[in-house]
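Written below as structure tokens is the structure these notes are about.
Reminder, nothing fancy here: chain letters follow the sequence lines and each chain counts from 1.
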Amino acid sequence: MAQTNSSGQGTNGVADESPNMIVYRKMEEVIARMQDEKNGIPIRTVKSFLTKIPSVFSVEALHLGTLMAAHGYFFPISDHVLTLKDDGTFYRFQTPYFWPSNCWEPENTDYAVYLCKRTMQNKARLELADYEAESLARLQRAFARKWEFIFMQAEAQAKVDKKRDKIERKILDSQERAFWDVHRPVPGCVNTTEVDIKKSSRMKNPHKTRKSVYGLQNDIRTHSPTHTPAPEAKQPTEEELQEQITFWQLQLDRHRLKMSKVAESLLGYTEQYVEYDPFLTPPDPSNPWISDDTTLWELEASKEPGQQRVKRWAFGIDEVLKDPVGREQFLKFLESEFSSENLRFWLAVQELKKRPIREVPTRVQEIWQEFLAPGAPSAINVDSKSYDKTTQNVKDPGRYAFEDAQEHIYKLMKSDSYSRFIRSSAYQELLQAKKKVKKTQSLTENIKMTNAFV
Amino acid sequence: MNPKMACQGLQKGETLATLKKECESLKKKLEEDRGKLNDVELHQVAEKVEVVGALSIKTRRVLKGHTNKVLCMDWCKDKRRLVSSSQDGKVIVWDGFTLNKEHGMSMPTTWVMACAYAPSGCAVACGGLDNKCSVIPLSLDSNENCAAKKKTVAMHTNYISGCTFTNSDMQLLSCSGDGTSALWDVESGQLLQSFHGHTSDILSLDLAPSETGNTFVTGGCDKKANVWDMRSGQNIQSFECHESDINCVKYYPSGDAFASASDDATCRFFDLRADREVAVFQKDSIVFGASTVDFSLSGRLLFAGYNDYTINVWDVLKGTRISMMFGHENRVSRVRLSPDGTALCSASWDNTLRIWA
């Protein structure tokens with residue numbers, strides 16, 4: 001019988017912590033440092049073990065501190081809202097018993113006992129806030145049948161509390177309240193116990209979840225003997241291992257580039273595109289989101305490409321191919337040279353891969369007839385290996401029937417037609433600085449033209 | 001049990017153990033080989049690059065309308081429209097520029113974790129706890145109920161965590177909590193290719209930005225980032241460097257590299273040519289998990305959204321943090337650069353989306 005590993009270990013033997021636990025551990029490390037006698041935060045006994053957080057805070061520290069408070073690691077002594085403020089307020093550390101890393105999921109019955117208990121104690125500081133009074137009323141309706149039980153629990157606890165030392169009671173009360181502020185937050189405050197549903201279904205230790213703060217036994221689920229333990233990680237089969245071995249062997253054979261080369265390439269790319277990056281170079285005339293002026297988009301939509309856009313086509317063939325205006329100009333140029341069949345083939349195959357699967361067989365035949373069949377009107381030249389393979393593919397046509405041929409043609413275009421295009425006078429003309437056609441200017445021109453016809 | 005069977009049982013056990021050992025030693029050799037070409041660190045080479053000046057990024061729009069956590073969003077190619085999906089079960093199409101809600105659709109389940117805009121701008125795809133990814137054509141008539149024309153395309157056996165159209169409205173790529181991703185023909189719903197290899201939930205996918213390429217990357221709870229060949233279905237490259245779930249993967253604009261965001265509170269940068277992790281974006285003060293990343297147009301900036309409600313802006317080349325973007329009041333679930341790079345949209349558990357520039 002397979003043994004359950006309670007810490008949920010992965011196949012490599014290292015303990016797999018759930019994402020939440022990782023964050024809790026880090027926050028607890030910070031707490032430990034804060035509480036360090038020598039280097040931590042100065043604790044002053046002002047009335048009853050209160051702590052004053054120093055008043056010099058960076059924005060980031062304040063933010064992290066607020067989050068730690070929101071998770072319940074420390075709390076302001078006189079506010080339900082768990083936040084960290086740089087205003088000399090006093091805070092108290094939460095007892096580890098109540099830390100979120102203990103996987104608390106307190107039930108509403110517990111909350112009911114707690115609120116009920118508060119109403120029994122005749123202290124001004126324990127008076128219920130409006131939202132708590134509303135919650136209590138709601139819970140009374142929901143638990144009408146077992147209210148007697150809840151009331152008894154509350155009474156019993158209130159009795160125990162009365163016997164405690166006054167100072168101890170104050171501290172415990174505040175810690176308990178902070179606990180509930182995390183699990184039943186003030187309306188409008190973030191509930192930090194909310195879980196991403198994608199992660200919650202993978203809870204590593206469901207039997208570790210603590211559902212009752214006051215040890216109420218009414219929840220059968222918590223201590224069910226039939227509660228399933230965390231599933232053990234699946235062991236790979238022989239076949240899977242063989243597949244993995246093949247995979248790793250292939251990876252080992254891979255040709256890798258040196259970091260220095262890769263780094264230069266990354267730097268080069270970034271440098272080339274920095275002028276096109278609106279976050280680094282303000283766009284001309286303006287960023288629509290900042291100026292509320294959409295001229296930039298209107299210019300881009302116009303048929304006449306701006307100089308900056310045309311310049312980009314020279315960066316590489318992909319730039320020309322991905323810009324519809326670039327494609328158009330490239331095609332126009334090749335047509336003028338009567339050598340457009342390569343590009344037209346490439347575009348046709350791209351189009352083929354975008355069609356629904358139902359249309360593929362017909363399209364494949366059409367492309368074959370137009371570009372590759374003997375006597376094709378737009379015959380392209382591919383190497384014999386690709387040609388043979390394509391001939392075979394066409395017999396059982398799929399979306400990738402022309403993949404080899406397309407790759408060959410792409411390389412050809414890149415080294416031949418594309419470089420001719422960039423050097424052509426047609427391209428150079430487009431590249432020459434053109435005055436931006438402003439709306440007012442074209443309007444004037446329109447008027448001139450109209451006048452000419454009158 | 002007779003001795004022969006016992007012997008065979010032992011042999012089988014030995015075989016598994018030997019295979020495992022072989023696997024481990026190959027992996028180790030791979031790490032060694034990958035390390036051999038590490039003649040310099042990226043941030044060292046980047047010392048000669050000018051520092052990025054102060055960025056004055058501000059919230060320019062706040063999109064309110066969802067009644068629960070916004071889980072996902074995607075831009076339309078027209079650079080201003082976007083689609084968002086939420087735990088409230090709704091999918092909303094907005095004109096981000098005017099804040100106008102153009103379509104609002106209710107899905108049958110809550111937690112719509114994935115949504116995508118079709119390249120034509122005429123449809124959106126979405127999915128989540130229903131284990132399906134559906135495509136909804138957007139009607140020009142705002143009164144018409146778009147959801148009625150919804151068509152189921154992808155079917156998985158667990159939640160849909162991500163989806164994207166390939167370069168056309170006709171194909172949809174999906175990834176799921178069932179550990180697989182798949183390519184579908186939208187019109188017929190036919191499965192064109194499935195991709196197996198992850199050993200746990202897949203949380204994110206991204207298509208390589210290439211005119212010629214047929215690859216995409218996925219990241220998941222098994223802490224692995226895998227690169228796939230769409231045509232063959234093969235896993236062609238794999239990276240395992242994170243210490244916890246990978247929540248998001250995104251290609252660098254050139255397609256030669258990608259970044260990842262993880263619950264281990266780091267974002268990492270992987271180069272496909274060097275076949276290794278080339279940068280880690282982390283700080284002691286960043287304690288909460290990173291849920292989402294995207295690059296600026298030049299690839300110099302990396303925007304990362306975290307579970308501590310902030311977005312950190314990293315210098316990709318130097319590996320340092322440039323600034324923090326505050327504004328959201330709960331976790332940031334998704335950040336996406338607009339198609340022309342003029343703005344960044346963020347979606348959050350505070351029920352809103354923000355557009356920053």
Under 4.5 Å heavy-atom distance to chain A, tell me which part of B:P253 shows up: side chain, backbone, both or neither.
both
Using a cut-off of under 4.5 Å on heavy-atom pairs, state which of A:N20, A:L280, A:V274 scores highest against chain B.
A:L280
Working to the nearest 0.5 angstrom, can you tell me the gap between A:S260 OG and B:E41 CD?
11.5 Å
Structural part of B:L26 lying under 4.5 Å from a heavy atom of chain A
both
Distance from B:L71 atom CG to A:D196 atom CG, nearest 0.5 Å?
7.5 Å
Please classify the contact between A:Y276 and chain B as side chain, backbone, both or neither, with a heavy-atom cut-off of under 4.5 Å.
both
Within the side chain of B:D263, is there an N or O that forms a donor-acceptor pair under 3.5 Å with the backbone of A:P19?
no
Under 4.5 Å heavy-atom distance to chain A, tell me which part of B:K58 shows up: side chain, backbone, both or neither.
neither
Salt-bridge present (B:D201, A:K198; N to O < 4.0 Å)
no
Residues B:K283, A:E60: salt bridge by 4.0 Å N-O rule:
no
Relative to chain A, which segment of B:N214 carries a heavy atom at a distance below 4.5 Å: side chain, backbone, both, or neither?
side chain
Select one option (side chain, backbone, both, neither) describing which atoms of B:V45 are under 4.5 Å from chain A's heavy atoms.
both
Applying ring pair (Phe, Tyr, Trp, His ring centres under 6.0 Å), can you list everything that pairs with A:Y400, at least two apart in sequence or on another chain?
none
So, do B:E22 and A:Q249 sit near enough that their side-chain heavy atoms are less than 4.5 Å apart?
yes
Please confirm whether the ring centroid of A:H63 lies under 6.0 Å from the ring centroid of B:F288.
no
Region of B:R331 that comes under 4.5 Å of a non-hydrogen atom in chain A:
side chain
B:L19 backbone acceptor or donor facing A:E238 side chain under 3.5 Å
no
Would you compute the distance between atom NZ of A:K322 and atom CD of B:E211 and round it to the nearest 0.5 angstrom?
7.0 Å
More than 12 non-hydrogen atoms from neighbouring residues, nucleotides or ligands closer than 6.0 Å to CD on B:E50, yes or no?
no
Counting the benzene-type ring for Trp, do A:F279 and B:W356 have ring centres under 6.0 Å apart?
no
Heavy-atom donor-acceptor pair, B:D275 side chain to A:R256 backbone, under 3.5 Å:
no
Side chain, backbone, both or neither of A:P288 within contact of chain B (heavy atoms, under 4.5 Å)
both
Using heavy-atom distances under 4.5 Å, tell me whether B:N247 contacts chain A through its side chain, its backbone, both, or neither.
side chain
Looking only at A:K353, A:Q272, A:E407, most heavy-atom pairs under 4.5 Å shared with chain B are made by A:K353
Between A:Q251 and B:I236, is there a donor-acceptor pair closer than 3.5 Å when you use the side chain of the first and the backbone of the second?
yes
A:L252 versus chain B, the contacting section by heavy-atom distance below 4.5 Å
both
Taking side chain as everything from C-beta outward and backbone as N, CA, C, O, which of these in B:F165 sits under 4.5 Å from a heavy atom of chain A? Side chain, backbone, both or neither.
neither
Applying a strict 4.5 Å limit to non-hydrogen atoms, the region of B:D308 in contact with chain A is both
Could you tell me whether B:K79 and A:E300 have a side-chain N and a carboxylate O separated by less than 4.0 Å?
yes
Nearest non-hydrogen partners of B:W111 and A:V195, listed with the distance:
CH2-O, 3.8 Å
Indicate the atoms forming the closest heavy-atom contact of A:M259 with B:V40, along with that distance.
CB-O, 3.3 Å
Please classify the contact of B:S262 with chain A as side chain, backbone, both or neither, using a heavy-atom distance under 4.5 Å.
neither
Please state whether the side chain, the backbone, both or neither of B:L42 comes within less than 4.5 Å of a heavy atom of chain A.
both
Any side-chain donor near an acceptor of the partner, B:N167 and A:Q350, under 3.5 Å:
no
Measure across B:S285 and A:L64 and return the closest heavy-atom pair with its distance rounded to 0.1 Å.
O-CD2, 4.0 Å
Are A:L257 and B:L37 close enough that some pair of their side-chain heavy atoms sits under 4.5 Å apart?
no
Parallel, tilted or perpendicular for B:F97 and A:W297, by the 30°/60° rule?
perpendicular
Measure the OG-CG distance between B:S254 and A:L266 for me, rounded to the nearest 0.5 Å.
6.5 Å
Give the intermediate values and the outcome of side chain to side chain donor-acceptor pair (under 3.5 Å) for residues B:Y252 and A:T270.
CA-CA 10 Å; B:Y252 180 77; A:T270 310; 3.0 Å; yes
Cut-off 4.5 Å, heavy atoms of chain A, and the answer for B:K20 is both
From the list A:W346, A:F247, A:Y410, the residue making the most non-hydrogen contacts under 4.5 Å with chain B is A:F247
Go through the atoms of B:E24 and report whether side chain, backbone, both or neither lie under 4.5 Å from a heavy atom of chain A.
neither
Relative to chain B, which of A:E243, A:R358, A:E275 shows the most heavy atom pairs under 4.5 Å?
A:R358
A:K414 NZ: over 12 foreign heavy atoms closer than 6.0 Å
no
Part of B:L30 within contact of chain A (heavy atom distance under 4.5 Å):
both
Does the side chain of B:S168 come under 3.5 Å of the side chain of A:R355 through a donor N or O and an acceptor N or O?
no
Which portion of A:D318 sits near chain B, non-hydrogen atoms under 4.5 angstrom:
both
Which atoms of A:L321 approach chain B - backbone, side chain, both or neither, heavy atom under 4.5 Å:
both
Lys/Arg-Asp/Glu bridge criterion (N-O < 4.0 Å) met for B:R61, A:D292
yes
Taking the side chain as C-beta and beyond, is there a heavy-atom pair between A:E194 and B:K69 under 4.5 Å?
yes
Write down the atom of A:D277, the atom of B:S296, and the distance for their closest heavy-atom approach.
OD2-OG, 2.6 Å
Below 4.5 Å from any heavy atom of chain B, which atoms of A:I245 appear? Answer side chain, backbone, both or neither.
both
If you count heavy-atom pairs within less than 4.5 Å of chain A, which of B:L55, B:V49, B:I355 leads?
B:I355
Using a 4.5 angstrom heavy-atom cutoff, name the option from A:R254, A:K258, A:K26 with the most pairs to chain B.
A:R254
Assert top hit (heavy-atom pairs under 4.5 Å, partner chain B, pool A:Y269, A:Y273, A:W289, A:W248) equals A:W289
With a 4.0 Å cut-off on N to O distance, would you call A:E271 and B:R300 a salt bridge?
no
Say you draw a straight line from CG of A:N191 to CH2 of B:W349; how long is it, rounded to the nearest 0.5 Å?
10.0 Å
Taking everything shown except A:R33 itself, do over 12 heavy atoms lie less than 6.0 Å from its CZ?
no
Against chain B, label A:T237 side chain, backbone, both or neither, depending on which of its atoms sit under 4.5 Å from a heavy atom there.
backbone
As an exercise, state the distance from CZ of A:R399 to CG of B:D185, rounded to the nearest 0.5 Å.
8.0 Å
Heavy-atom distances under 4.5 Å only: say whether A:L296 touches chain B with side chain, backbone, both or neither.
side chain
